[in-house]
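Report on the structure given below.
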Amino acid sequence: MKLNPQQHAAVRYIDGPCLVLAGAGSGKTGVITQKIAYLIEQCEINPKNIAAVTFTNKSAREMQKRVAKLLGKGKTKGLRVSTFHTLGLDIIRKELDNLPYKKGFSIYDNQDSLALIKQLMKLAFADPDGKTDTILWQISRWKNAFVLPDQALREANGDALLTVAASVYEQYNHHLQTYNAVDFDDLIMIPVLLLRDNEEAKQRWRNQIRYLLVDEYQDTNATQYELVKLIVGKIANLTVVGDDDQSVYSWRGAQPENLNLLKEDYPMLNVIKLEQNYRSTGCILQCANKLISNNPHIFDKNLWSDLGFGQPIRVIRCRHEDDEADQVVAELNHHQFVNRTPHKDYAILYRGNHQSRVFERQLRENNIPYYLSGGMSFFAYSEIKDIMSYLRLIANPDDDNAFLRIANVPRREIGPTSLEKLSNFCSKYNHSLFSACFDSFLRESVGNRASSNLSEFAEWIKDYSLRSESLGENESPASIVKDLIINIDYERWLIDTSKDEADATRRMDNVNELVSWLERLSAKDPEADLATLIAKLTLLDTLEKDNESNDENKVHLMTLHASKGLEFPHVFLVGVEEEILPHRASIEEDNIEEERRLAYVGITRARKTLTISFASKRKRYGEIIDCEPSRFLEELPEDLLQWSGAGIELPEEEKKARGMASIADLKSMLANS
């Protein structure tokens with residue numbers, strides 16, 4: 001990668017804290033990877049003393065791959081490139097002696113946390129189901145803002161719901177610790193509290209990480225920023241890369257103002273702007289610059305490109321949502337016919353997932369293959385949650401949520417009544433569910449048969465737990481999992497509980513995929529025990545397959561949030577209307593600036609062409625309502641827009657070309673029928 005002057009300056013600056021203000025498409029990943037290579041090769045810093053953190057596993061893998069390519073095999077040994085949460089997990093695992101957790105602790109996902117909070121709220125609300133999501137969201141918000149339970153209680157300031165949330169927050173943390181479990185937010189919060197309060201641990205990690213690089217810095221929350229400051233200290237061997245114009249995650253705690261806080265915390269901060277865009281045409285960038293100029297800025301910047309002016313921005317006015325889908329797909333079809341471009345070069349971006357349905361239908365009717373991003377998470381499938389619960393319980397017998405899920409899956413005569421009596425016994429004697437199964441007094445509470453079944457189940461889990469800790473000569477973590485699946489006859493259970501044979505086969509294929517994935521992780525890290533592998537699995541949101549769908553020749557459908565970090569030659573930005581983009585909730589909360597940043601993200605995903613569409617009417621809650629074009633359309637430079645659609649006549653030449661595209665498509669359909 002040939003560096004431009006600003007990129008070169010960012011790579012070479014190592015005399016203090018550095019903020020690289022990287023505009024969309026300005027080559028920020030290249031700058032980070034080149035800087036890591038520079039630190040290792042030219043500054044002779046040991047790779048094991050360098051850490052780079054980002055927000056997705058995909059970004060971390062890409063970064064690691066690029067650095068390895070730059071330096072060559074073996075020269076990156078010990079280099080830490082990971083997500084914030086993986087870094088936090090490593091700190092917790094290596095500092096267990098200084099923390100109230102035991103080896104094999106569980107990581108609770110959203111459903112686990114909801115179940116625990118529902119249990120804690122039974123006394124607080126007559127209808128706990130109606131408040132559980134709100135309480136969990138508030139607790140997560142507090143953790144991301146580095147607000148502890150006692151402070152949360154003070155900040156509630158008499159508000160009834162916040163007061164209950166703060167009380168539940170304290171109990172929630174207490175129960176997590178009792179179950180030897182943490183949630184995702186704890187993976188940052190716990191290391192921050194440790195490094196803040198334990199001087200030896202703080203110095204240990206400062207010696208370990210002597211240079212820190214942070215990607216997508218505008219997406220950091222308060223707790224993540226605290227972690228960064230605790231690691232780098234006053235010396236601040238630190239480079240952060242970010243863009244306040246692409247901060248679109250305030251709903252999950254991101255604070256673009258962290259960029260400004262850097263200037264306050266580190267007065268010697270060196271700010272380097274990357275404004276040359278290597279992705280988009282000049283027309284697209286002029287539109288993006290004009291739109292985002294309506295937001296107040298911490299740092300001013302102006303993207304430019306030497307890729308030529310390109311084509312004007314198409315704006316399609318549609319009668320209603322079905323007409324919008326029809327026109328967008330027709331436009332896509334026409335463009336593909338004229339330019340002979342592959343399906344994967346096109347993306348349809350929208351504000352909310354519900355908007356995808358009409359486009360899916362229209363694409364199917366036109367025999368255009370598509371990939372819908374953001375579908376159901378692999379780990380949300382019931383069969384995967386079953387097997388993961390078995391593995392979590394083997395690694396951490398105190399994990400009550402895992403115990404409750406699989407105690408009777410497959411059925412072993414441990415029904416709801418027995419589990420309820422067991423839970424009451426545990427509350428009385430302060431046991432975990434697993435440890436209670438070995439208590440001699442349990443029989444009096446649950447009865448002889450239930451006590452015997454529970455004891456047998458707990459002994460069985462204990463045996464697997466011991467096996468996982470002391471692997472035999474021909475055993476591996478994956479082989480233990482395979483043996484477990486056979487032992488419980490899980491395939492038969494799926495056949496008995498699935499709607500048909502095909503569904504059972506699909507579900508078993510998912511289980512086998514999980515085992516294969518575990519084998520791949522184990523092959524990459526042969527020293528990792530089952531507990532370590534389970535923690536790694538839990539941190540991932542979707543199954544990583546060798547042939548990711550992004551490589552397939554399909555049109556991409558995704559939300560604007562999901563599109564961040566991606567780019568496509570041809571982009572359709574749809575539903576650009578008031579109360580959609582900007583979203584109605586954001587209008588009510590006066591959060592237009594973030595919605596404008598979201599529109600900016602959508603525009604800057606496009607490399608060659610950008611088409612924007614909106615509908616005059618739309619169905620909402622069974623009623624047809626009138627829609628207004630988004631205010632953001634008025635903020636785009638009028639002379640760069642080319643309008644079409646309802647009430648606008650197309651040039652004769654373009655009509656003929658579209659007719660030819662439709663005929664060609666019809667012939668293709670007939671040939672394939």
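Residue indices begin at 1 and follow the sequence shown. Please read all numbers here as calculations on a predicted model, not as lab measurements.
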Interatomic distance, H85 atom NE2 to I188 atom CD1 [nearest 0.5 angstrom]: 4.5 Å
Beyond-backbone contact of M189 with L148, side-chain heavy atoms, under 4.5 angstrom: yes
Minimum heavy-atom distance between L533 and P477, given as atom pair plus value: CD1-CB, 3.7 Å
Distance (rounded to the nearest 0.5 Å) between S563 OG and H561 NE2: 9.0 Å
Non-hydrogen atoms of G565 and R605 that approach each other most closely: N-NH1, 3.3 Å
Separation of K102 NZ from L96 CG (nearest 0.5 Å): 11.5 Å
For T223 against V192, the heavy-atom pair lying closest together: O-CG2, 3.5 Å
Minimum heavy-atom distance between L120 and Q171, given as atom pair plus value: CD1-C, 3.9 Å
Sub-4.5 Å side-chain heavy-atom contact between E383 and L514: no
Parallel, tilted or perpendicular, as decided by the 30° and 60° cut-offs, for the rings of H431 and F425: parallel
E170, CD atom: more than 12 neighbouring heavy atoms under 6.0 Å: no
Test item: R351 side-chain N/O and L560 main-chain N/O as donor-acceptor pair under 3.5 Å: no
Verdict with reasoning, E226 to K229, per salt bridge (Lys or Arg N to Asp or Glu O under 4.0 Å): CA-CA 5 Å; E226 286 298 319; K229 287 197 295 182; 3.5 Å; yes
Verdict with reasoning, L153 to T163, per side-chain contact (heavy atoms from CB on, under 4.5 Å): CA-CA 6 Å; L153 199 56; T163 300; 4.3 Å; yes
More than 12 heavy atoms from other groups under 6.0 Å of CD on E491: no
With sequence neighbours excluded, residues passing salt bridge (Lys or Arg N to Asp or Glu O under 4.0 Å) with R597: E594
Side chains of V481 and L530 in contact at under 4.5 Å (non-hydrogen atoms): yes
Aromatic ring pairing H556/F568, orientation class (parallel under 30°, perpendicular over 60°, tilted between): tilted
Side chains of W493 and I488 in contact at under 4.5 Å (non-hydrogen atoms): no
Side-chain (T604) to main-chain (Y600) donor-acceptor, under 3.5 angstrom: yes
Salt bridge (charged side-chain N to carboxylate O under 4.0 Å, His left out) contacts touching residues 419-431 (sequence neighbours left out): none
Reference residue L87; test side chain to side chain contact (heavy atoms under 4.5 Å, CB included); the match among L89, I91, T83: I91
M121: which of I135, L116, V164 passes side chain to side chain contact (heavy atoms under 4.5 Å, CB included): I135
Any pair counted as side-chain hydrogen bond (donor to acceptor under 3.5 Å, both in side chains), so long as it reaches residues 184-197, sequence neighbours left out: S140-D185, K143-D186
K482 vs E519, side-chain contact (heavy atoms from CB on, under 4.5 Å): CA-CA, chis, key distance, verdict: CA-CA 10 Å; K482 286 179 181 177; E519 287 177 320; 2.7 Å; yes
Salt bridge (Lys or Arg N to Asp or Glu O under 4.0 Å) evaluation trace for R506 with D503: CA-CA 5 Å; R506 178 192 61 76; D503 186 47; 2.9 Å; yes
Pairs involving residues 134-153, ordered by first then second residue, that meet ring-ring contact (aromatic ring centres under 6.0 Å, His included) (sequence neighbours left out): W142-Y169
Gap between atom CG of D112 and atom CG of D400 - 0.5 Å precision: 11.5 Å
R507 vs S382, side chain to side chain donor-acceptor pair (under 3.5 Å): CA-CA, chis, key distance, verdict: CA-CA 9 Å; R507 295 174 70 190; S382 62; 3.2 Å; yes
Heavy-atom check, side chain of F84 versus side chain of T220, under 4.5 Å: yes
Expected output: side-chain S465 to main-chain I461 donor-acceptor under 3.5 Å: no
Test salt bridge (Lys or Arg N to Asp or Glu O under 4.0 Å) applied to E321 and R357, step by step: CA-CA 10 Å; E321 66 257 49; R357 297 183 194 115; over 6 Å; no
Min side-chain heavy-atom separation Q224-V53 under 4.5 Å: no
Atom pair OG1/CG of T178 and D398 - distance to nearest 0.5 Å: 9.0 Å
Donor-acceptor pair, side chain of Y371 and main chain of L557, under 3.5 angstrom: no
Residue R411 excluded, over 12 heavy atoms near CZ under 6.0 Å: no
Residues W460, L484; criterion side-chain contact (heavy atoms from CB on, under 4.5 Å); working and verdict: CA-CA 10 Å; W460 182 82; L484 180 147; 4.0 Å; yes
For K385, side-chain hydrogen bond (donor to acceptor under 3.5 Å, both in side chains) partners two or more places apart: D109
Chi angles and distances behind the side-chain contact (heavy atoms from CB on, under 4.5 Å) call for S106, N180: CA-CA 6 Å; S106 298; N180 194 33; over 6 Å; no
Qualifying ring-ring contact (aromatic ring centres under 6.0 Å, His included) pairs with a residue from residues 97-117, counting only residues at least two apart or across chains: none
Pair T532-D529, side chain to side chain donor-acceptor pair (under 3.5 Å): steps then yes or no: CA-CA 5 Å; T532 301; D529 58 13; 2.7 Å; yes
Heavy-atom pair of closest approach, residues S373 and N353: O-OD1, 4.5 Å
Ring geometry between Y179 and H175 (parallel below 30°, tilted from 30 to 60°, perpendicular above 60°): perpendicular
Residue pair K28 / E216, side-chain heavy-atom distance below 4.5 Å: yes
Approximate separation, where rounding is to 0.5 Å, of S356 OG and L372 CG: 5.0 Å
Heavy-atom side-chain proximity of F457 to I406 below 4.5 angstrom: yes
Minimum heavy-atom distance S468-I394, with the two atoms named: OG-CG2, 3.8 Å
